[in-house]
Amino acid sequence: MTAASLETELIGLPLSSPVINGSGTFDAIAAGRVFGERALSSENFPFSAYVSKTITEQPRAGNPPFRTWEAPAGMINSIGLPNPGLAHFVEDHLPVLRQLPVPLIVSVMAEDRDGFSRLVEGVTAAGGVSAFELNVSCPNVHSGLIVGESGKEVEGLLDRLGSFTDLPLIIKLTPNVARPEEIAEAAEAGGAAAVSLVNTLKAAALDPASDRPWLGAGSGGLSGPAIRPIAIQQVRSVSAAVSIPVIGMGGITDGESALDFIRAGASAVAVGTENFRDPLAGTMVRTELARALERRGIETIGELRGAAST
Amino acid sequence: MTAASLETELIGLPLSSPVINGSGTFDAIAAGRVFGERALSSENFPFSAYVSKTITEQPRAGNPPFRTWEAPAGMINSIGLPNPGLAHFVEDHLPVLRQLPVPLIVSVMAEDRDGFSRLVEGVTAAGGVSAFELNVSCPNVHSGLIVGESGKEVEGLLDRLGSFTDLPLIIKLTPNVARPEEIAEAAEAGGAAAVSLVNTLKAAALDPASDRPWLGAGSGGLSGPAIRPIAIQQVRSVSAAVSIPVIGMGGITDGESALDFIRAGASAVAVGTENFRDPLAGTMVRTELARALERRGIETIGELRGAAST
Amino acid sequence: MLPDRPEPPLGRRLLSVVEARDEGAFRLLTLLDDEGPEPLPGQFYMVTRAPDWGGGLGRPYLPRALSFAGTTGMANGVSIEFLLDEVGPGTRELSRLSPEDECWVAGPFGRPFSRAGELTEGAAGAVLVGGGIGIAPLAPLRRDLIARGVPTRVLLGFREPAAAGGVDRLFGCEEVRVAYEAGSDSPARVTDLLSVVLAGDDAGRSAVYSCGPPGMLEAVRRMCADRGVTAELALESPMACGYGACFGCAVPRRDGGYLRLCIDGPVVRGDEIESAEAGEAGS
Amino acid sequence: MLPDRPEPPLGRRLLSVVEARDEGAFRLLTLLDDEGPEPLPGQFYMVTRAPDWGGGLGRPYLPRALSFAGTTGMANGVSIEFLLDEVGPGTRELSRLSPEDECWVAGPFGRPFSRAGELTEGAAGAVLVGGGIGIAPLAPLRRDLIARGVPTRVLLGFREPAAAGGVDRLFGCEEVRVAYEAGSDSPARVTDLLSVVLAGDDAGRSAVYSCGPPGMLEAVRRMCADRGVTAELALESPMACGYGACFGCAVPRRDGGYLRLCIDGPVVRGDEIESAEAGEAGS
Ligand SMILES: Cc1cc2nc3c(=O)[nH]c(=O)nc-3n(C[C@H](O)[C@H](O)[C@H](O)COP(=O)(O)OP(=O)(O)OC[C@H]3O[C@@H](n4cnc5c(N)ncnc54)[C@H](O)[C@@H]3O)c2cc1C
Ligand SMILES: Cc1cc2nc3c(=O)[nH]c(=O)nc-3n(C[C@H](O)[C@H](O)[C@H](O)COP(=O)(O)OP(=O)(O)OC[C@H]3O[C@@H](n4cnc5c(N)ncnc54)[C@H](O)[C@@H]3O)c2cc1C
Ligand SMILES: Cc1cc2nc3c(=O)[nH]c(=O)nc-3n(C[C@H](O)[C@H](O)[C@H](O)COP(=O)(O)O)c2cc1C
Ligand SMILES: Cc1cc2nc3c(=O)[nH]c(=O)nc-3n(C[C@H](O)[C@H](O)[C@H](O)COP(=O)(O)O)c2cc1C
Ligand code: FES
Ligand code: FES
């Protein structure tokens, strides 16, 4: 059996495997503090690229507790994007993240195009970053529209950001729309280097004891295996609609489920909630993915990409 | 402990409990043939009202196999609305369904407003029906829009149907939109007697062995506990937006989960996929619901309705 | 009620495991049914581990359809034998059960095999053709035919000796011929045995009953059709409910449209369907 | 690395159950850890049944956070004791485990209790205040304090005698006072015992350590604050990951913002937080 190669290329970045992390589901700095620096070595780091938790211009404390609820084969979260803000991120976090043995993708979110511009400009200037992921699951304070729900907003945002960074821009699509492929097409038209999906699905749970919503924020987003069939379908229709690469995620728990996203058309996959169940989930998925290819007698992941996209 | 009463009223119909079935998840005629007529007696029938499988004007054979896929804590289906068509439904099925010990709600779907009009007119004329549920998860051949994704389409459809039937009309909302509450508001404005939600979420799975989609139709809809947190959130926001009654469903498996929908604002709940796991799931949910009320020392279901809707 | 079918208890019921042991490559699971009727050969049950499935990541979730492979009347009910082939999470969990464990069970469901005489005008005898786990429903059918004095030949096929199981326990050895596609000194397919049998002159007057993998069933179906022999096949399809509620178990009818395999089958006559392979993934 | 914390093995590991038995109202589960370091009192592990959870309808899904209630050095590793209170599907499944079963375990994680001297300048002694399942992390703390020769008083509270468990096994009887809110001839709350102890003159020089239900912890926190006694509390919050990845375990900081309880806690000083009840549902 020939050892299958997982090496791949994504938006110009050579990756040792297609397995990266979902933003906000693995804190490399905390992992280094908890497990020791060895956790961030090139032998041990679980992902082939690292996507930071979403940062905003101003610091955010995040949402009041409770922030998580365990759902059938998944979880709901309403973390509220706690982050140190642009300045501290550049000062305190970037120097550490830059040292990671893999390319760094910084996830950013803002209330309007100017905010996004200042974020990408500031982070680009600081250096050591390979790409941005734009978290557009938020309203544009001027139009009032959720950026990720409007093709026009997405395209307009991308147009604007072009003059503030030369780095590739990835649009993180929200699954809470009727036709994500239309938003993806707008992203491609606006010059996005790639799209990633899915983000979490709007969800809520009630406190069994009181008559209040369980989550401090009232509602949150569903992730985990429960949403995988929805994510697979969205990745299929988005991959069929655009020619830029697709980063697929949503309930990946092992090599077979990762392979399903690739067969559905994804060029890379992201592991999210499974990181909470297994701090080395990324490594496990990568290893199983190689085995799955070997079982199929396939030598490179590319051979299977999109095999079942339509 | 006083026995809690589950009696309730929905769109003018007195119901022995708020527990009905989801369209297409319980075939009363087949159940009578398989388990015997006693299955349809008033002691044994699991639901307080019966919603028929969706019927169309012309007969439909349904989708090619495979039609189901087991998903994490749920299932995907692409049944394709097999049904005998209006004429045979009225001739062969209605006479049996009319004899059920509970009010009959007929689910209908058509390609345009005229088709819907002929369906409600024909069934109303045949008599013995208490209400219609309009399955609007389909495109309008003229506008090309999925009716359930467009408030204008929904309102226009309801306006039209008013002159073809006096029976209450329930709009079955699709969860595959950014803001179901907006569609619900349009339904209320159009004169709908109630809204029911959620229908299934667009989903797909790939054949583990071949590189084809598992489902003969390519993709389908996700149901079961996996979607409950999404359904609870949509029921909360729809209940907050409209004053017509809401029929809540999506992954109800027991009394507590049924109660969650009522606490989220539902006036009645529908059991769907759980019927496949337990042919008397409706009876089980009703019994547990009564116990849950008693544990809380509550005498009527109304006291809890919407307790956690916002 | 559907004609000539025993009436299953309403809903589902809790039954306890009375025996669980390996039978070659398969697992034999015996439940004591103190509520249900004697099932008819070809019928099946929908089974779920109690109190519920143990799929950590949410599977198994739906009940699993299982043909019964035998019954024994007891003072306190009927003991029902199931033969299990472990192919995934559901059959895995059922294969792990041991006495004292319980299962949720609904059924018996479905259309049973026809009597030899009904299937073939003045049938001279019956030929049972089973492959792999498909031998399960043929075991009680054989007992029933023999009890009715119908001369019965049993032809069973397995990939290899290591993949066989339950033959001695379920069929006894007399009159049973087993073919192995590999791993034996005379590799053969069960359909090779069948063609020899059908070459015999009373072929036209024998009733053929078959259950096994789709490819084998389709070969049997064609072979019988070509020789004008009537055959009944016990088919499979993914079943979510087993009692006609979900419309998921569709199998294409020869004359257009679909059967609901859980109520119109699982046993069908060869000429009722387009192909025993239809509905195979990607077909 | 975080200062003064043993380094947990990377990722998660499979550990086998060596003992499982009831201790009063609780269940005592002992795992053999042949990879991990000796944990420090107050630390916890994230535990999942192996090969995976058995939630038929998809729960439990995430690992469960468990404080260790004791350790014993063995030739082949450290045996770790957990005290389980069955409150839902996860603790139910862990309570059903028996020897030979395995668990996925990550950890030890979290901030341990401080040494008495570090907590209280020249501490004269320590007072341990535990309620319900909250007694678990106090057991190894007591052993540690006693080993260091710190005079230690242990006050434990339970709803009623029937709800108590593990006291003798984990604490031995000497020096331990137990209060029952009901079902005893002298009903009392553990905080009543604490107020008596704190009335003593050396109160100001004792270090208080507490773990238990939020209501009790908050009462302890205020009582100590009022009397200028420093207290460390082991808090709970829903934890999805246990190692800082999810930001789900937020507990409001006194000076604004939130702690990530899995890495900034679970042990916190009373004056670091707003309230030990914050984060209670609907608060
Ligand atoms: C009428 C009838 C009688 C039967 N009698 C028996 C019997 O007596 N003994 C016996 O062992 N079996 C019998 N079967 C087959 C048995 O029901 C299936 O093997 C079983 O349901 C498989 O479940 P599983 O979880 O073990 O495997 P699954 O994971 O369901 O995999 C089984 C096959 O289904 C497909 N599959 C894979 N994943 C999924 C998924 N997520 N959803 C849907 N399909 C999937 C694949 O092709 C796979 O090979 C019968 C089936 C029918 C319809
Ligand atoms: C640091 C730390 C140490 C701990 N140490 C111990 C210990 O030593 N021994 C011990 O027994 N316990 C300990 N716990 C508590 C233990 O982790 C929880 O009791 C356990 O996770 C409950 O899981 P469950 O599935 O049994 O119950 P759950 O179903 O999770 O219910 C437990 C409580 O959580 C809430 N809840 C209900 N449903 C959900 C849901 N779907 N999602 C989220 N919350 C829900 C309810 O308030 C319920 O009362 C500790 C917790 C922490 C944070
Ligand atoms: C606790 C948690 C925090 C998350 N934070 C972010 C975030 O900050 N930015 C973002 O774009 N996505 C965030 N996500 C979404 C994930 O990146 C991913 O899109 C989603 O969880 C689906 O993948 P999964 O099912 O594998 O978790 C978060 C998800 C979880 C569960
Ligand atoms: C097999 C199957 C068939 C269905 N058929 C219909 C249908 O004909 N019309 C309809 O409006 N909804 C149909 N539904 C949707 C259900 O009525 C219900 O809205 C959905 O399944 C969510 O509820 P559940 O999670 O309890 O199943 C079907 C669902 C399933 C699983
Ligand atoms: S299995 Fe549900 S209708 Fe046949
Ligand atoms: S439990 Fe995940 S960050 Fe604390």
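Labels below follow one simple rule: chain letters A, B, ... track the order of the sequence lines, proteins then strands, and each chain is numbered from 1.
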Enquirer: Rounded to the nearest 0.5 Å, what separates atom CH2 in A:W214 from atom CG in B:D260?
Expert: 12.0 Å
Enquirer: Ignoring hydrogens, what is the shortest heavy-atom contact between A:P225 and B:P72? Give both atom names and the distance.
Expert: O-CG, 3.6 Å
Enquirer: Would you say A:R228's side chain and B:A71's backbone share a donor-acceptor pair under 3.5 angstrom?
Expert: no
Enquirer: Taking every heavy-atom pair that is under 4.5 Å apart, which of A:I232, A:V235, A:L206 has the most such pairs with chain B?
Expert: A:L206
Enquirer: If you look at every heavy atom in A:S219 and B:R236, which pair is closest and at what distance?
Expert: CB-NH1, 3.9 Å
Enquirer: Got a second to check how far B:I230's CD1 is from A:K202's NZ, nearest 0.5 Å?
Expert: 11.0 Å
Enquirer: Heavy atoms only, distances under 4.5 angstrom: which of A:A203, A:P175, A:G224 has the most pairs with chain B? Name it, please.
Expert: A:A203
Enquirer: Which pair of non-hydrogen atoms, one from A:I76 and one from B:P229, has the smallest distance, and what is that distance?
Expert: CD1-CB, 3.6 Å
Enquirer: Evaluate whether atom CD of A:E111 has more than 12 neighbouring non-hydrogen atoms of other residues, nucleotides or ligands under 6.0 angstrom away.
Expert: no
Enquirer: Highest number of heavy-atom pairs under 4.5 Å with chain A: which of B:L259, B:I146, B:L222?
Expert: B:L222
Enquirer: Heavy-atom pairs under 4.5 Å with chain A: which of B:P208, B:G251, B:A205 has the most?
Expert: B:P208
Enquirer: Answer yes or no: is there a donor N or O on one side and an acceptor on the other, between the side chain of A:R263 and the main chain of B:D207, under 3.5 Å?
Expert: yes
Enquirer: Nearest 0.5 Å, what's the CG-CD1 distance between A:L201 and B:I227?
Expert: 11.0 Å
Enquirer: Looking only at heavy atoms and a cut-off of under 4.5 Å, which of B:E256, B:Q234, B:R179 has the most pairs with chain A?
Expert: B:R179
